Amino acid sequence: MKFGIVVFPGSNCEHDCYHVVKHVLRQEACFLWHKDRTLAGSDCVILPGGFAHGDYLRCGAMAKFSPIMETVARFAKEGGPVLGICNGFQILTESGLLPGALVRNRSLHYLCLDLTLRVETTNSPFTAQIPPGKVLKMPVGHGEGCYFADAKTLKRLEVEGRIAFRYCDSKGNLTEESNPNGSLLSIAGVLNERGNVMGFMPHPDRCAESILGNEDGRLIFESVIAATQGH
Amino acid sequence: MSENTEPAVDLNLALAHGLSSEEYEKVRAILGRTPSYTELGIFSLMWSEHCSYKSSRIHLKRFPTTGPQVLQGPGENAGAIDIGGGLAAIFKMESHNHPSYVEPYQGAATGVGGILRDIFTMGARPIASLNSLRFGSPDHPRMRYLLGGVVGGIAGYGNCVGVPTVGGEVAFHPSYNGNILVNVLNLGIAHAGRIFRGQARGPGNSVFYVGSRTGRDGIHGASLLASASFEADSQTKRPTVQVGDPFAEKLLLEACLELMKTDAIIGIQDMGAAGLTSSSVEMAGRGGTGIDLDLDRVPVREEGMTPYEMMLSESQERMLVIVRRGSEEKVRQIFRKWDLEGVPVGEVSAGGSLRVHFRGKRVADIPVKPIADGAPLLKRPMERPAWQDEVGRLDLTGLKDVVHPPKALKGLLGSLNLCSREWIYRQYDHMVRTNTVVRPGSDAAVIRIKGSPHALALTTDCNGRYCYLDPRSGARIAVAEASRNLACSGAVAQALTDCLNFGNPERPEVMWQFSECVDGIGEACRALEIPVISGNVSFYNETEGKGIFPTPTIGMVGIIEDARLAMRSFFCKEADVVVLLGETGEELGGSEYLSQAHRLEAGPLPVLDLEREEAVQLACIEAIGEGLVSSAHDCAEGGIAVALAESCFHPEGMLGAEVTLPAGRRLDAILFGETQSRILLSLPKFNLGKLEKICQDREAPFSLLGAVGGSRLKIHVGEEAVINTALTELKRPWAEALPAWMV
Amino acid sequence: MKVRVTVLYKKGVLDPQGKTILSSLHQLGYKEVTDVRAGKVLELSLPKMGKAQLEKRVKEMCDKLLANPVIEDYQFEVAE
Amino acid sequence: MKVRVTVLYKKGVLDPQGKTILSSLHQLGYKEVTDVRAGKVLELSLPKMGKAQLEKRVKEMCDKLLANPVIEDYQFEVAE
Ligand SMILES: Nc1ncnc2c1ncn2[C@@H]1O[C@H](COP(=O)(O)OP(=O)(O)O)[C@@H](O)[C@H]1O
Ligand SMILES: [Mg+2]
């Protein structure tokens, strides 16, 4: 299958995603320039991590106006899988493709470290291959990853099973200490109504190879591949 | 200010620009007339300490700079080595000390920006940064603010540009109270056959200005800020610090790398300190040409900028590119794509002069060769300080031996100089680009090279106290320790870069320290066959006549043949045996322990035998390369006891050990002395024989200390159990010291 | 003319920066400060125009770009 | 009472945020905006006190903590 990886000015994990998709998982991959309007036949779109437009003003605030985002929105509406990682998650919430917002970490500091998280639903193309309830280890790298939404929205997300991942301790318990950035309900990733758009703060692209000491990130990519090829 | 309202140039104005009267006479002789105001500005920048290295050049010549791996030695924007597979590693370290003291966040941020440009200007994609930091006394009221700001600035800039910060070092000492140090190393990867240089060749080729617009940033920053000491009353005279724009830098990086894939570039150089002036003069100088500049075409962001200001501006995120005639449109196109300025501002000329035009007038006309090569070369007086002998002595009689070793160990582990740096490095994105095989926290960071079986190991090291007590030995030890850190990751050292941070060079004792350190580095480099390929000198780290500890920071890069064998410093297997390569002497002089437990900064440094050092390192590298070893950690500040404790602190699960050290005269010296050339290894017992054989062949001393296991650290000295402490109890002070202090 | 747009977190959104500044002020002895909210200010330069026109345009800019209604409130005023 | 402190970069200091926001506004069609400066705003809550006293205290807080005079200017006003 073919992954399209959007390059915004200031993206900096586009090569990381490309490497995993192409060289680790042996799938097709291409870069999509933010000023273009075509997805070049991609079966899945990735909005990679980084600092689009420097993250000046607010993370993702300016990227949402890039021409490609109209095309991405249409693709998502038609049910195409869209995965926003880190900055990509921020862009998805700013664009309204996902509810809520990501605000500054409670500690005010950028945080780069390994965390554990729990898969909350396997009912999405990004999580279908992950054993239910499994605790994964993944790195994060962000300064603004604190998930916020109003009470009504949070309730809906919970009820509709759209919380995809939550930060937890190594045994799967949700605790104050295992929530690195103060996210409400310990949310690490959410889905849209239809389940085909996921925003995700951790970096599966940084843990998909044995030489990096952790391959848990593969599960997310492999889930999308299975879901797409199963069609 | 129009030209006719510019101040008249005379000796006083030249002196105010930091030129000496002899230098001013030389300027007049070169021009055959009195310089214009703009010309005076240009000379004062080019001949400042910062640009001309006038005090240090005669000394730096003593460094070994060659080797079969060296593709580019000192003299360019950065140095380059061959790392196999047609690839080159390009690296350099630079200081941003003074600006970081004035405005820690922006000072440190723009320091990162500057060194990144030095790397990608040569055609390399930056893939890793390290930072070496020195702060004053923890009690000093500004230090928290400074550390928080510096770390924030390095993170803010580096993370945004997407270059991982994978390692570094931090130390505290009151000598840095008025002058903190912020040294940043960056390394990039390029194709060995496509390294770009800063040279203007081919008269008629275009000179392009690319990047951000020019403002009145830091005019006279390089020459004044980095070439004069701070005095208490100079607060108001301090020029403004620049604000960094990492987003613009990221665009500039991508645009330059894209342009470098074409054949449009003849030469390229970043406009860092001394901006348009140094980039044009140096490129013309290296190319043996001249440059004509038309300042009316320089993109500016402020109104009414004068030629003087444009030539002296230190606005960040800019480059000067010599473009092959006929390729101009390509350049414009690429920079338009990235929403950056990319405009021709002049031409390479045959005449050998830098000619600057503004509003139809020629405002400067300077022969390039004499200003570039004719910069003053000073042989500053040197004198060994009278107090040097005294601080080198240590009388241990009457100094009480350690009474409660576990308490002493916990004290060391919980001190700001030795505690965990995680509070710092978790603010740095150290994983972006997905190459970081060994993350910060081990002896050296390891970066894999995609598409190659090799990995690179990187480290920075320097012990300022050592260099104060004995500059020559201290500098030798810095080189040896850096190389030992690489060896512990399994890497063979290839080359080094340095950042020589010293006080006021006009003081003979500072110059002596400098010269001694240069010789120390040179000696160690020759013995270990590690060339110096780039570096930086920062003088005037001095406040009110009091200089910092001499701090010649060493940044070193090594190669690991098989990236999969990269080694970390943590015990990781129950029942592994613990072995010491090297031997523990009883050397307390200069140690962290003496300084902390007895407030004593004195004594002869531990002896460094470079032959022994090499043997130990080679044995370690060979053992790792053969896959015999589970962990390797060097013994440095805090001695073997601290090294053992650190080895127990595996980030994914602690593991204890029980060891026995040979008894001696002083327990404190055995546990906490800093004898050089020691590496702690852990390995499966069945590999012991092979390791022993390697050590015999290499003539590296070898001793079996004990075994890994359990949840306590137990150290026996001779018959006596001196430490038997739960790891949780040891780790708490180590892990909490920095965050607790920062609160 | 200059318009000053002030963007602050909505009540109910955690403002850790404000809290940190508050505790620093307390440490420095400014105990009289009971709360701090931290936000952004954007100073826009615009040509002279009528009040209604100005309000309309600036409001649009805020709604589209300058503030995120999920988490932020804004207000603006003519500064000069 | 509430005091609103506004901190902006000094004139002449590069303001990368302001510059980037300006170009976004232009791309969105708000060409009438000729300049943007971005800064921070801090809203301090304080007990009622006399004007002179207030000015003195807040000025001190700004000089010591809230702004760095090397690159920033500040101003403040009573908001409520
Ligand atoms: N400023 C820093 N930035 C990033 N990493 C750091 C910094 N300071 C220290 N570290 C990391 O912490 C670890 C310990 O540093 P150090 O005590 O200097 O090691 P060693 O004594 O082995 O040279 C190293 O992995 C180093 O890279
Ligand atoms: Mg070190």
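All values reported here derive from a predicted model rather than from experimental measurement. We name chains A, B, ... by the order of the sequence lines, and we start the count at 1 in each one.
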Undergrad: Counting only heavy atoms closer than 4.5 Å, note whether B:Lys337 contacts chain A via side chain, backbone, both or neither.
TA: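 For B:Lys337, backbone and side chain are both near chain A.
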
Undergrad: Assess whether atom CZ of B:Arg144 is packed by more than 12 heavy atoms of other residues, nucleotides or ligands within 6.0 Å.
TA: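 Correct, the count exceeds 12.
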
Undergrad: Is B:Val161 in contact with chain A via its backbone, its side chain, both, or neither, using a 4.5 Å heavy-atom distance?
TA: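 Contact with chain A involves the backbone of B:Val161 alone.
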
Undergrad: Please flag which part of B:Ala563 lies under 4.5 Å from any non-hydrogen atom of chain A: side chain, backbone, both or neither.
TA: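 The answer is both parts of B:Ala563.
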
Undergrad: With a 4.5 angstrom heavy-atom cut-off, could you sort out which part of B:Asn435 is near chain A: side chain, backbone, both or neither?
TA: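 Backbone only.
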
Undergrad: Between A:Tyr56 (side chain only) and B:Phe247 (backbone N and O only), is there a donor and an acceptor less than 3.5 Å apart?
TA: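 Looks like yes, one N/O pair under 3.5 Å.
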
Undergrad: Counting heavy-atom pairs under 4.5 Å with chain A, which one of B:Asn159, B:Val437, B:Asp339 comes out on top?
TA: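 Top option by heavy-atom pairs under 4.5 Å: B:Asn159.
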
Undergrad: Between B:Arg448 and A:Leu212, is the side-chain contact (heavy atoms from CB on, under 4.5 Å) condition met? List the steps.
TA: CA-CA 9 Å; B:Arg448 58 116 172 237; A:Leu212 300 177; 4.0 Å; yes

Undergrad: Taking side chain as everything from C-beta outward and backbone as N, CA, C, O, which of these in A:Asp55 sits under 4.5 Å from a heavy atom of chain B? Side chain, backbone, both or neither.
TA: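 Neither part.
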
Undergrad: Starting at CE of B:Met431, measure out to CG of A:Asp114 and round the result to the nearest 0.5 Å.
TA: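 Rounded to the nearest 0.5 Å, the CE-CG separation comes out at 5.0 Å.
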
Undergrad: Find the one option among B:Leu253, B:Leu251, B:Asp245 whose heavy-atom pairs under 4.5 Å with chain A are most numerous.
TA: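 It is B:Asp245.
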
Undergrad: Under a 4.5 Å heavy-atom cutoff, which of A:Lys35, A:His142, A:His203 has the most pairs with chain B?
TA: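 Sorted descending by pairs with chain B, the first entry is A:Lys35.
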
Undergrad: Looking only at heavy atoms, what is the nearest atom pair of A:Asp205 and B:Thr434, with distance?
TA: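 For A:Asp205 versus B:Thr434, the nearest heavy atoms are O-CG2, 3.3 Å.
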
Undergrad: Which members of residues 8-25 of chain A, sorted by number, sit under 4.5 angstrom from chain B on a heavy-atom basis?
TA: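 Under the 4.5 Å heavy-atom cut-off, A:Pro9, A:Gly10, A:Ser11, A:Asn12, A:Cys13, A:His15, A:Asp16, A:His19 qualify.
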
Undergrad: Could you check whether atom CD of A:Glu176 has more than 12 heavy atoms from other residues, nucleotides or ligands sitting under 6.0 Å from it?
TA: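 Count not over threshold, so no.
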
Undergrad: In Å and rounded to the nearest 0.5 Å, what is the SG to CD distance from A:Cys112 to B:Glu422?
TA: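 Rounded to the nearest 0.5 Å, the SG-CD separation comes to 10.0 Å.
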
Undergrad: Are A:Leu111 and B:Gln427 close enough that some pair of their side-chain heavy atoms sits under 4.5 Å apart?
TA: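 Sidechains of B:Gln427 and A:Leu111: no contact.
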
Undergrad: Who among B:Gly148, B:Gly156, B:Cys160, B:Gly162 has the most heavy-atom pairs with chain A under 4.5 Å?
TA: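 The candidate making the most pairs under 4.5 Å is B:Cys160.
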
Undergrad: Among B:Arg426, B:Lys450, B:Glu254, B:His430, which residue forms the greatest number of heavy-atom pairs with chain A at distances under 4.5 Å?
TA: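 Winner by heavy-atom pair count: B:Arg426.
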
Undergrad: Check this for me, if you would: do A:Arg206 and B:Asp429 make a salt bridge, where the nitrogen-to-carboxylate-oxygen distance has to be below 4.0 angstrom?
TA: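 Looking at B:Asp429 together with A:Arg206, the answer is yes, because their closest N to O distance falls below 4.0 Å.
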
